[in-house]
Amino acid sequence: MTDPLSPLDRPNSYIGRTVPRPNLERLVEGRGTYVSDMTLPRMGHVVFVRSPYAHARILEIDTSVAKQAAGVIAVVTGAELVEQCSPWVGVLSHLKGLKSAPQHAMAVDRVCWQGEAVCAVVANSRAQAEDAAEQVQVRYEELEPVTDMRTALEPHIPVIHPELGDNLAFERSLDAGEVDKAFAEADAVAEAEFVFGRHTGVTLEARAVLADWNPGERRLTVYQGTQAPHMMQNIFAKHLALEEAQVRVVCKDVGGSFGIKVHVYADEMATAALSKRLKRPVKFVADRIESFVTDIHARDHVCKGRIAVKQDGTITAFAIDDLTGIGPYSMYPRTSAIEANQVVNLVGGPYQARNYRARARVVFQNKNVMCQYRAVGHPIACSVTEGLVDLAARAIGMDPLVIRSKNLIRDDAYPTDSPSGLKFEALSHHASLAKLKQMMDYDGLRAEQKRLRQQGIYRGIGIASFIEVTNPSAAFYGVGGARISSQDGVSVRMDATGAIIVQTSLTEQGQGSEALTAQVVASALGVALEKVRVILGDTDNTPYGGGTWASRGAGIGGEAAWQAGKALRMNILKVAGTILQTVPELLDIDQGVVVDKATGRERIGLDEVARITYFRPDTLPADFQAELLATRHYVPRQYPFAFTNGIQASWLEVDTETGFVTLLNHWCVEDCGTIINPQLVDEQIRGGVVQGLGAALFEHCRYDERGQLTNGTMADYLVPMASEMPDIEVGHVVSPTLESELGAKGAGEAGTAGAAAAVANAVNDALDPFDVTITEIPLTPSVILKALGQRSG
Amino acid sequence: MDKKVITLTVNGESHRLEVEARTHLADVLRDELALTGTHIGCEHGVCGACTIRVDGAITRACLLLAVQAEGAMIETIEGLSETGEIRDLQDAFRNRNALQCGYCTPAMLITAQDLLLHNPTPDRATIRDHISGNYCRCTGYQAIVDAVDTVAKARQAAGERP
């Protein structure tokens, strides 16, 4: 912090310091508590019988043999479980026209995707439940599946939910500026169809839930690997006919989330309903095949894009037409229209062009459900935008960095907005680009590329600028009627020894929520980090709040922690002032000791303040009551979202004989505002980049025309492994949001937002001598060879 | 289902267990011995999350039936933490934030230790290659490579000291 008056510039501040996360020690010793590790007395294990068909009517389920199998507690069909669990419809009122059909915890009379549960078997062990599940006989009448999103709206294609009238879940159009005029007056127009494969999160710990209905207490406790415990508390109560106060959701260690674990899954609802029905704990842990066919999938877009450019490099218009298939239901409660909506919002976002036309259509199909996964919509919008910008540059013969520097929104233009109505408080596209250019030695790489081409070695540079939605306000979900909190609460108290206990509504799945909360509170108070213990992930024991998703933890929960820490500091200083017979304004806390603010002279230790408060209040004035607990909440109000920005670059080599891509280096410069822990931010970026690289090169849920997932194992669905990944260099520009005192914006999704776009642009750059343009990911060897083959005829 | 009696030495303790022939070692460690530091990710030998040491060799516990491990000496993350054998690796992972959710971490540490026992001076590419059977979705691997590299160099420096 250069400003000496910054509120963050506290004695012994941990803001901006790399310190190890307090929760890592138990994890490196294998002493974490993941839901899959937990057992409770009388616990039953549930295994689901799942549909082998993408679309079929259930004619009969015969459970008689399974019920007699060893160790079986209960066998319950979807129709039977309706008694315990009401259906839901995944719509939000602010996504106008979004429609979906009621979805049950298990299919009742019809299955709509391969993998949908139809019957549950609960037994004393998982193995016994699996044995018995094989004895459940289900008769199906197979129905025509709708699998190709490109034809899903055609009149001869069956309508999956006839009561909805058609397979169109949602459509949004936008027309800003004078698009037709811009294209008519352009010196060059480039267009392409961008294809994005379906992929998924592949959390290493599969989804897991342990539900415990206690009839004596009339309370349901759900141990769940979820990112949003309070949201789940509401959902369990609503659909199991309970009051929210009857439901406690506990979230201990979670083996990866990335948006996969922020949704309401039918089988997890069924598990809770089964616990209520059977009056005992029931545990569900998905196996890997179940994960592939039921964890939400993401992307699966076909987006046509056009760009208009002048010969001087000025980009004048973008136009897109996006189509995405979301499976048979819009997910609940966040809906499956958000990704397409984000694509419409974000295309062209980094650039000055004011003419923009977009259409997005979201269609139903008989494949696994689709919903929000890390960087929701951003990879689509970024790949389309940046792919078009490269095509425009090629069309007028301009360097990719030069065309970007001509068109990116100027760093002194803020506050400003986008043609789609996004409000930007302060972004740093040009500073980021300049930093990237220097970090990667752009000119040096261009020279190397030219030299190697003469030897038949084809290397490419790909650039991708992006903007990222972080710190979402109620504009994201709350305004649409979802009971998903956009605010967070933090309570901070000092115990009788002067140690600090923090309860936050954030959750932790490895991002560092616990660490950043401890750092912020320690800084606000003026105590050593080791004195701060953070409690999170428990609806009974934390303030109400959103949890950890949409890059909101540091920006929203962090600010609540800052405000709560400041409030407790003032409360402590009031006690100290009373003891020392001075005013609190003249005091401060430094390293756990109350000091004179002006001189730093030590006056009284926090342990002593605590001792007097708790054990000798008789020595304090009769009209003074000490309060060593403070709670504060925070939500952004000025800006619906705190946009961040950044730019990535990829340097890679394409083997034109085999089609293999070797990633040589990757750079990311991003601006998340105030950085609380530089190491955690960098590692969020790197992890995010690698998820984007997986999408770019490997990851693809491959369905056949009957709606069968053909690669539902980790041997067949490829994910990035260490030897294929490059080192990733991360740089920062810092533009704090002025809406909060902390000034932090999100960083969790920036890496994923732009990585695939950078790789795709680099592959096309490498193949420039072959006059090949590929706009499809994953960029598998066969995709690359096919493109090279088509060129040579 | 018929059960068989087996004897295993796990982290130095001898156990006599009745197991079904079909039960894999990871389930026995987790469900029978409550050694939940051995994690399960795919149960078909791809993700590496269940990596343990069996008679000194790193092994995927999901690919070994418990009955096949009769008489074997098994070491899990709990045992390796207790003996202090990988303390330096654990510290390096913590200091470098080489884990996020921590689910792959016990296996990743055991795999890294295996590398350093067999090759005390690996370069970065060798480290990446050796841990390529262990899937990590969170970190992007670079921090893990850094941590292993740091420990390799520190052990080497310590070994060279008189």
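Sequence lines set the chain letters: A, B, ... in the order given, protein chains first and strands last, and positions in each chain run from 1.
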Trainee: Pick from A/Gln511, A/Gln684, A/Gln509: which one makes a side-chain hydrogen bond (donor to acceptor under 3.5 Å, both in side chains) with B/Gln100?
Mentor: A/Gln684
Trainee: Mind listing the closest non-hydrogen atom pair of A/Gly30 and B/Pro106 along with its distance?
Mentor: CA-CG, 4.0 Å
Trainee: What part of B/Ile144 is in contact with chain A, defined as an atom under 4.5 angstrom from a non-hydrogen atom: side chain, backbone, both or neither?
Mentor: neither
Trainee: Please classify the contact of A/Asn23 with chain B as side chain, backbone, both or neither, using a heavy-atom distance under 4.5 Å.
Mentor: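 Contact with chain B is absent: no heavy atom of A/Asn23 under 4.5 Å.
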Trainee: Find the one option among B/Gly102, B/Ser132, B/Gly37, B/Ala98 whose heavy-atom pairs under 4.5 Å with chain A are most numerous.
Mentor: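 Winner by heavy-atom pair count: B/Ser132.
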Trainee: Which one of B/Asn95, B/Val145, B/Ile131, B/Thr38 has the most heavy-atom pairs closer than 4.5 Å to chain A?
Mentor: B/Asn95
Trainee: Does any backbone or side-chain atom of B/Ser81 lie under 4.5 Å from a heavy atom of chain A? Answer side chain, backbone, both or neither.
Mentor: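 The side chain, not the backbone.
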Trainee: What part of B/His44 gets within 4.5 angstrom of chain A, counting heavy atoms only: side chain, backbone, both, or neither?
Mentor: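 Looking at B/His44, just its side chain touches chain A.
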Trainee: Would you check, one step at a time, whether the test salt bridge (Lys or Arg N to Asp or Glu O under 4.0 Å) holds for A/Glu699 with B/Arg137?
Mentor: CA-CA 13 Å; A/Glu699 298 187 39; B/Arg137 188 54 143 180; 2.7 Å; yes
Trainee: Side chains of A/Leu27 and B/Thr105: does their closest heavy-atom pair fall under 4.5 Å?
Mentor: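 Heavy-atom side-chain distance check fails, nothing below 4.5 Å.
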Trainee: For A/Ala206, which atoms come within 4.5 Å of any heavy atom of chain B: side chain, backbone, both, or neither?
Mentor: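 Looking at A/Ala206, nothing touches chain B.
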Trainee: Heavy atom to heavy atom, less than 4.5 Å: which residues from residues 107-127 of chain B reach chain A?
Mentor: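 Checking residues 107-127 of chain B against chain A gives B/Leu109, B/Arg124.
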Trainee: For a quick test of reading the model, state the closest non-hydrogen atom pair linking A/Leu204 to B/Tyr135 and the distance between them.
Mentor: CD2-O, 3.4 Å
Trainee: Tell me, for B/Tyr103 versus chain A, whether the close heavy atoms (under 4.5 Å) come from the side chain, the backbone, both or neither.
Mentor: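 For B/Tyr103, heavy atoms of backbone and side chain both lie under 4.5 Å from chain A.
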Trainee: Within the structure provided, determine whether B/Gln90 and A/Glu29 are in side-chain contact (heavy-atom separation under 4.5 Å).
Mentor: yes
Trainee: Any carboxylate oxygen within less than 4.0 angstrom of a Lys/Arg side-chain nitrogen, looking at B/Arg96 and A/Glu683?
Mentor: yes
Trainee: Within this structure, what is the NE2-OG distance for the pair B/His39 and A/Ser36, rounded to the nearest 0.5 Å?
Mentor: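 It comes to 7.0 Å.
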Trainee: A side-chain contact here means heavy atoms from C-beta on lying under 4.5 Å apart; do B/Asn97 and A/Leu24 qualify?
Mentor: yes
Trainee: Would you mind checking which part of A/Thr33 comes under 4.5 Å of any heavy atom in chain B, side chain (CB onward), backbone (N, CA, C, O), both or neither?
Mentor: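 Neither part.
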Trainee: With chain B as the partner chain, list the residues of residues 746-754 of chain A whose heavy atoms fall under 4.5 Å from it, by residue number, and write 'none' if nothing qualifies.
Mentor: none
Trainee: I want to check something: taking the side chain as every heavy atom from C-beta on, are A/Met725 and B/Arg128 in contact at a cut-off of under 4.5 Å?
Mentor: yes
Trainee: Could you please state which residues from residues 11-34 of chain B sit under 4.5 angstrom from chain A, measuring non-hydrogen atom to non-hydrogen atom, sorted by number, or 'none'?
Mentor: B/Arg22, B/Arg30
Trainee: Surrounding CD of B/Glu82 (heavy atoms of other residues, nucleotides or ligands, distance under 6.0 Å), is the total greater than 12?
Mentor: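 Not more than 12 within 6.0 Å, no.
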Trainee: Taking all non-hydrogen atoms of both residues, which atom of B/Gly140 and which atom of A/Val690 are closest, and how far apart?
Mentor: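 Where B/Gly140 meets A/Val690 most closely, the heavy atoms are CA-CG2, 3.4 Å.
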Trainee: Contact part of A/Ala515 toward chain B, heavy-atom cut-off under 4.5 Å: side chain, backbone, both or neither?
Mentor: neither
Trainee: Mind checking which of residues 56-74 of chain B sit less than 4.5 Å from chain A, heavy atom to heavy atom?
Mentor: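 Checking residues 56-74 of chain B against chain A gives no residue, so none.
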Trainee: Counting only heavy atoms not in A/Arg17, do more than 12 fall under 6.0 Å of its CZ?
Mentor: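 It does: A/Arg17 CZ has more than 12 such atoms within range.
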Trainee: Under 4.5 Å heavy-atom distance to chain B, tell me which part of A/Val689 shows up: side chain, backbone, both or neither.
Mentor: neither
Trainee: Would A/Arg126 and B/Glu43 pass as an ion pair if we require N to O under 4.0 Å?
Mentor: no
Trainee: Can you name the closest pair of heavy atoms from B/Cys42 and A/Met714 and give their distance?
Mentor: CB-SD, 3.9 Å
Trainee: How long is the straight-line distance from CG of B/Leu99 back to CZ of A/Arg21, given to the nearest 0.5 Å?
Mentor: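 The distance works out to 6.0 Å.
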Trainee: With the side chain counted from C-beta on, respond yes when A/Asp253 and B/Cys101 share a heavy-atom pair under 4.5 Å apart, and no when they do not.
Mentor: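 Result no, sub-4.5 Å side-chain heavy-atom pair not found.
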Trainee: When only pairs under 4.5 Å are counted, which of A/Gly32, A/Ser125, A/Gly201 shares the most heavy-atom pairs with chain B?
Mentor: A/Gly201
Trainee: Tell me, out of A/Arg288, A/Gln128, A/Arg26, who's got the most heavy-atom pairs with chain B below 4.5 Å.
Mentor: A/Arg288
Trainee: Would you say the side chain of A/Arg686 lies within less than 4.5 Å of the side chain of B/Tyr141, judging by non-hydrogen atoms?
Mentor: no
Trainee: Tell me, for B/Thr139 versus chain A, whether the close heavy atoms (under 4.5 Å) come from the side chain, the backbone, both or neither.
Mentor: backbone
Trainee: Quick one: CE on A/Met721 to SG on B/Cys47, what's the gap to the nearest 0.5 Å?
Mentor: 8.0 Å
